[in-house]
Number of protein chains: 2
Amino acid sequence: MNEVAGRRSRSGGGASRRAERTAISFETARFIQRNIPNFEILNEEALQIIEHNAETVLEEIGVNFVENPAALARWRDAGADVQGERVHIPRGLARKLISTAPKSYTQHARNPERNVEVGGRNLVLAPVYGPPFVRDMEGGRRYATLEDFQNFVKLGYMSKWLHHSGGTVCEPTDVPVNKRHLDMLLAHMTLSDKPFMGSVTEPSRAQDSVDMASILFGKDFVQSNTVMTSLININSPMVFDGIMMGALEVYAANNQASIVSPFIVGGAMAPVTVAGTLTQVLAEILAGVSYSQLVRPGSPVVAGAFVTSIDMNSGAPTFGTPEAAHITYGAGQLVRRLGLPYRSGGSFCGSKLPDAQAAYETANSLNMALLAGVNFMLHACGWLEGGLVSSYEKFVMDADQLGTLHHLAQGIQIDENGQAMDAIREVGPGGHYLGCAHTQANFKSAFWRSDLLDYKPFETWAEEGSRDTQTLANERVKKLLADYQAPEIDPGTREALEAFVARRKAEMPDAFI
Amino acid sequence: MNEVAGRRSRSGGGASRRAERTAISFETARFIQRNIPNFEILNEEALQIIEHNAETVLEEIGVNFVENPAALARWRDAGADVQGERVHIPRGLARKLISTAPKSYTQHARNPERNVEVGGRNLVLAPVYGPPFVRDMEGGRRYATLEDFQNFVKLGYMSKWLHHSGGTVCEPTDVPVNKRHLDMLLAHMTLSDKPFMGSVTEPSRAQDSVDMASILFGKDFVQSNTVMTSLININSPMVFDGIMMGALEVYAANNQASIVSPFIVGGAMAPVTVAGTLTQVLAEILAGVSYSQLVRPGSPVVAGAFVTSIDMNSGAPTFGTPEAAHITYGAGQLVRRLGLPYRSGGSFCGSKLPDAQAAYETANSLNMALLAGVNFMLHACGWLEGGLVSSYEKFVMDADQLGTLHHLAQGIQIDENGQAMDAIREVGPGGHYLGCAHTQANFKSAFWRSDLLDYKPFETWAEEGSRDTQTLANERVKKLLADYQAPEIDPGTREALEAFVARRKAEMPDAFI
């Protein structure tokens, strides 16, 4: 049995190692390869107006690269007009610089079957990122801990429709701020075998991420392959801060991918109109992506757009709104015209609970992201309360819904089997198709089926306790965590990772802000 | 005050009439006029294959018109090959016949401001149709009564984003089967001033509908204008029964619109593949719509597609699935190529409760219907448990979400104000837009805002009782029903309608099956 289950193990021996080698592997779907068109909301004239205006913003207004003299020097050398920290980028320069960025790239996972292709017609799904709180049915809302973090990595690993382990699935607030990234990376690297993200909160933490990845994949492999995709936010409007850009510089220099992404609540960090927001988003993408190419031409980069609207009464950000959809569709068209991979979308909602509001808003967001041509969807499951909370129940609810995107993206089969003329002939007027040969041959694969939602007869459902979706999800979370088994890993590699974490923690005093 | 509030009243006098004339009118949005493209999932080759196959079905396999000798005679006269009840329609004949059907038509409401245009780039939204049960938070699931029916008509009247009062918003099971339609029509005609649907369950009930509409609008008006759009289901696969066709004949003869609609659970009433289902749907639409034109050339007709998938484990119909989306998108393309108005979509879900499952499935369905180019959406709000239940809470939850479709359909403003270059110049890098002139000028109309969902800070929300969406909706239902005021109606007209209902009821013994 060991020989079969453990045949991919690179070393052997020892009782604890034997347990690892018998670990089962959970099924993961291949990243989505679209066989359907994108939804194109802007016409050619509108696209050209926005593109022209974005170049006007870069040239006339300019963008700020703050606390980063090296960046200003790079811009000056490239031909920009630099005044103080303000960089005016002549019309056309940014477009020229980004031409060296790859149209798509492979992000390697330690399990090669789980490598992902970011770009083209593909869609890669990664979980929620960043919440300081978690929520579940029993414990309510509370600060997230490292144990929560590890639980979410486990859930992500076991989610069939999730291709990517993500990054900060929640903030482990019980670990010092300056050491969290080490525990987070260790969890992604050992509890899952899906691809993951690196730390961006200090350039030194980006370097730790590269160093740990070099232990996991080998140093040479990391220098010639992309093994991390990390999230670099722009301080909209039009400010690129030294810390985030410092992390981008580390990743670009090491051939690792960055998502360069405006983070915008419309009406606050961008104009209140959609076309105005798209103009600013495009200007920020042009500046940020071209800067990545100034650091290292050819380094992989994803153009992001995290944009939502605002409630005019309370000032709260709102999600799943029509304006967010407009921007997501429009930004997709603009990014495709740049020839870059596109990051947007997510399981966005403002609701405090994984209730109907959460699901309406999330479904609105997921559907628009698929049709908008998104290539990398961060926050694809688990997002609650405007991103303040990682929800256990919503994580598995959303992860189940991601299956619908896979099936939608397959498009419509039009071959002879798809046409089903023999079935229509066989059944004829007034008949039924349940027993016909064509139905029997196609039944299992014909329809997407939820692994979570309720399809039972009313009486059965009532007898079983009239459970709502949140209750079903709560039971599923418990079952998944109870069934979890870690993917096998070379014990020497794990020991080296643990030693690195221990050493780096010992080198630094604890910091909590 | 009477003069202002009652100025549209056609007659006056009497204390009870004075009360009516002071009734307030609730705001209703104009039907959706799309300024965004449709989503086209099938390419030209696939469309031609399906169109060719549908004609093959009509010619080679044929369709059944059962218990309807007059229909068989009409088909024979039109050139079809009729054998028993089977009608073989030669390739091209159905397409030729439907060329007399209007591309769009006006359905008049008794309040002319609420007339709707069915067809073109428009989308008209109507509530759930047909459930024998209702559900609310206090009473749970129970058989629907006439009081429930009246409540749902009131809620529909007060729903800003609902353009149409619908038909059987629930089955009033406390009224004899053969008399229900009279009470239902009276409720739509007196408790609302939005357009409505006629009865289809017997040809005589269709005639009662025409007769009551003639009292409400005037007989001449009804003969030269469309004042009802009624739902004629096809017994898929490919059976047109005498009762439904008899109702269609009454409506067509009186210039009233019918929705000719396959009702399909894929894998049971149509092939298990999407292209096969689309072929059958198109064949059924071609046969049904062309039959309406045989009865009266030029009579208004809508091509429908109610199609969903099936759960392979339980056999239950499933909703909000990717396959339903494929069919809805594809059928939209096929119907547009016929030059007909298109009915599909709805607030479909299989969930027993208005919970997250209900909202995911509903949002999936609503979004696809908007992008599929649907012109008439029945079931746009209130559908629960596979259509067995009209849910009070879900009615107002869905009706609120319909606002997102209105805003999505507006598309992106690309004029100077939309471009917002002055705002970007004014704010600059590192600034914020909340106070700028452009934001102030556009803030109120820029973003869609829910009238129901929770946008409050966490602390406020917690202090107010941590209400979920269902609880918020329950409170809204109660407030709406408490605030309801009937639209004004000419008292003589109402008395005539009531007299007609009393007379017809007296003419028939009660029937409960």
Side-chain angles (χ1 to χ4, degrees), chain A residues 36 39 41 46 53 57 63-64 237-239 267-268 271-276 309 311-312 314 316 321-323 325-326 352-357 359-360 363-364 367 397 401 404 407-408 412 414 418-421 423-424 428-430 432-434 439 442-443 446-448 453 455 461 468-469, chain B residues 36 39 41 46 53 57 61 63-64 237-239 267-268 271-276 309 311-312 314 316 321-323 325-326 352-357 359-360 363-364 367 397 401 404 407-408 412 414 418-421 423-424 429-430 432-434 439 442-443 446-448 453 455 461 468-469:
Chain A
I36 57 171
F39 183 68
I41 198 166
N53 287 348
V57 168
V63 299
N64 285 4
M238 299 178 285
V239 174
V272 76
T273 54
V274 169
S309 47
D311 170 35
M312 55 187 150
S314 67
T321 61
E323 295 75 27
H326 285 160
K352 315 293 186 292
L353 298 170
D355 58 2
Q357 175 176 351
Y360 282 125
N364 289 347
N367 280 292
M397 288 158 56
Q401 278 292 303
T404 67
H407 279 243
L408 260 172
I412 297 174
I414 197 71
Q419 292 178 44
M421 286 299 282
I424 301 176
H432 72 82
Y433 288 84
L434 284 172
T439 303
N442 289 279
F443 214 66
F447 298 134
W448 173 75
L453 302 179
Y455 296 148
W461 170 82
D468 68 1
T469 317
Chain B
I36 56 171
F39 183 68
I41 199 167
N53 287 348
V57 169
I61 302 169
V63 299
N64 285 3
M238 299 177 286
V239 174
V272 77
T273 53
V274 169
S309 47
D311 170 35
M312 58 188 147
S314 67
T321 61
E323 294 76 28
H326 284 161
K352 315 294 185 291
L353 298 170
D355 59 3
Q357 173 176 351
Y360 282 126
N364 290 347
N367 280 290
M397 288 158 56
Q401 279 291 303
T404 67
H407 279 243
L408 260 172
I412 298 174
I414 197 70
Q419 293 177 45
M421 287 298 283
I424 301 176
H432 71 81
Y433 288 84
L434 285 173
T439 303
N442 288 278
F443 213 67
F447 297 134
W448 173 75
L453 302 179
Y455 296 147
W461 170 81
D468 68 1
T469 317

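Below, all heavy atoms of this structure are taken into account, side chains as well, without hydrogens, waters or symmetry copies. Please read all numbers here as calculations on a predicted model, not as lab measurements.
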Contacting moiety of B:Gln357, where chain A heavy atoms sit under 4.5 Å | both
If one checks every heavy atom of B:Met397 against chain A at 4.5 Å, the contacting part turns out to be both
Partner chain B: residue of A:Gln401, A:Met421, A:Lys352, A:Met238 with the largest heavy-atom pair count (under 4.5 Å) | A:Lys352
Rounded to the nearest 0.5 Å, what's the gap from OG1 on A:Thr469 to OH on B:Tyr360? Could you check?
-> 8.0 Å
Note, A:Tyr433 side chain near B:Val272 side chain (heavy atom, < 4.5 Å) = no
Answer key: most heavy-atom pairs under 4.5 Å with chain B among A:Ile36, A:Val274, A:Ile424 is A:Ile424
Smallest separation among heavy atoms of A:Thr273 and B:Ala420, with atom names | OG1-CB, 3.5 Å
If every non-hydrogen atom of A:Val63 is compared with every non-hydrogen atom of B:Pro429, which pair is closest and at what distance?
-> CA-CG, 4.2 Å
Looking only at B:Ala423, B:Pro354, B:Ala446, B:Ser314, most heavy-atom pairs under 4.5 Å shared with chain A are made by B:Ala446
Portion of B:Trp448 that has a non-hydrogen atom of chain A nearer than 4.5 angstrom = both
What one should report as the nearest heavy-atom pair of B:Ile41 and A:Ile412 is CG2-CD1, 3.7 Å
Please state whether the side chain, the backbone, both or neither of B:Gln419 comes within less than 4.5 Å of a heavy atom of chain A.
-> both
Separation between CG (A:Leu408) and CG (B:Asn364), nearest 0.5 Å, reads 7.5 Å
Honestly, the part of B:Pro271 sitting under 4.5 Å from a heavy atom of chain A is both
Which atoms form the tightest heavy-atom contact between B:Gly267 and A:Thr439, and what is the distance?
-> O-CG2, 4.0 Å
Considering all heavy atoms of both residues, which atom of A:Ala363 and which atom of B:Ala363 are nearest to each other, and what is their separation?
-> CB-CB, 3.5 Å
Where is the tightest heavy-atom contact between A:His407 and B:Glu323, given as atom of each residue plus distance?
-> ND1-OE2, 3.5 Å
State the CG-CG distance between B:Asp355 and A:Leu353, to the nearest 0.5 angstrom.
-> 13.0 Å
For the candidates B:Asn367, B:Val239, B:Asp311, B:Thr321, which exhibits the highest count of non-hydrogen atom pairs separated by less than 4.5 Å from chain A?
-> B:Asp311
Heavy atoms only, distances under 4.5 angstrom: which of B:Gly276, B:Ala356, B:Gly430 has the most pairs with chain A? Name it, please.
-> B:Ala356
